[in-house]
Amino acid sequence: MNFNNLVISIFITLLLSINVFAKDTIDSLNTKAEEENSPYRWITLSEKELAGDVIPGSTMKVHKEEAIIARVKSREKSFQRSNNVTLKEIRALEPGGHWDQIFIEAWVFDNEGVEVVYTFWLNNPTDYLFKGPWTNP
């Protein structure tokens with residue numbers, strides 16, 4: 001084997017090793033995100049995106065939306081952020097909880113240019129567990 005072929009072989013081996021390491025790291029980060037109930041999933045080592053599909057509206061009773069937004073504004077204020085939030089979208093996430101029976105919605109807000117996400121674990125249309133916030137810096 002000449003020197004050029006040796007260098008090319010070593011280079012290809014290194015690239016493949018880096019790719020395998022990156023995939024393992026991304027899988028590990030996504031496993032941790034799932035365990036923490038984060039609505040974000042890693043795509044690359046430096047980029048993540050929201051999981052789930054955008055849905056036209058919440059499965060919760062409509063009268064809850066104002067109360068939920070008020071609760072989000074209060075929570076944002078407690079984190080020393082503006083409470084000037086605007087609901088951008090609602091996403092359906094993979095079911096969670098015991099035996100994966102609980103429907104989960106991710107409510108995505110814009111807080112003066114910062115994406116802020118809260119999740120709602122729906123036991124039924126009138127009862128929910130509120131989690132978050134998560135941000136994507």
Check for me, please, whether [X] and [Y] land in the same ILVMFWY cluster - side-chain distances under 4.5 Å, paths through other members count.
X: Y128; Y: V85; answer: yes
X: I69; Y: F130; answer: yes
X: V116; Y: I68; answer: yes

Between I26 and R41, is the side-chain contact (heavy atoms from CB on, under 4.5 Å) condition met? List the steps. CA-CA 9 Å; I26 289 169; R41 297 296 176 266; over 6 Å; no
Which pair of heavy atoms, one from [X] and one from [Y], lies closest together, and at what distance?
X: A51; Y: R91; answer: O-CD, 3.4 Å
X: P133; Y: F79; answer: CD-CE1, 3.4 Å
X: V108; Y: L87; answer: O-CD1, 3.5 Å

Going by heavy atoms in the side chains, are [X] and [Y] under 4.5 Å from each other?
X: P95; Y: F103; answer: no
X: V114; Y: T135; answer: yes
X: I55; Y: E89; answer: no

For the pair T31 (side chain) and D27 (backbone), establish whether a donor and an acceptor sit closer than 3.5 Å, ignoring hydrogens and angles. yes
Rounded to the nearest 0.5 Å, how far does [atom2] of [Y] lie from [atom1] of [X]?
X: E112; Y: T86; atom1: CD; atom2: OG1; value: 9.0 Å
X: L29; Y: I43; atom1: CG; atom2: CD1; value: 12.5 Å
X: I90; Y: D53; atom1: CD1; atom2: CG; value: 14.0 Å
X: S82; Y: K73; atom1: OG; atom2: NZ; value: 9.0 Å
X: L122; Y: I104; atom1: CG; atom2: CD1; value: 8.5 Å
X: Y40; Y: K48; atom1: OH; atom2: NZ; value: 7.0 Å

Who passes salt bridge (Lys or Arg N to Asp or Glu O under 4.0 Å) against E76, sequence neighbours left out? R81
Once salt bridge (Lys or Arg N to Asp or Glu O under 4.0 Å) is applied, do any residues pair with D110, and if so which ones, sequence neighbours excluded? none
Would you check if there is a donor-acceptor pair between the side chains of Y118 and E105 at a distance under 3.5 Å? no
Salt bridge present between K32 and E34 (N-O < 4.0 angstrom): no
List the steps, then state whether side-chain contact (heavy atoms from CB on, under 4.5 Å) holds for F109 with K88. CA-CA 5 Å; F109 293 90; K88 290 180 11 182; over 6 Å; no
F120 and W107: aromatic ring centres closer than 6.0 Å? yes
What do the steps show when you test N37 against W121 for side-chain contact (heavy atoms from CB on, under 4.5 Å), and what is the final call? CA-CA 10 Å; N37 301 312; W121 295 55; 3.2 Å; yes
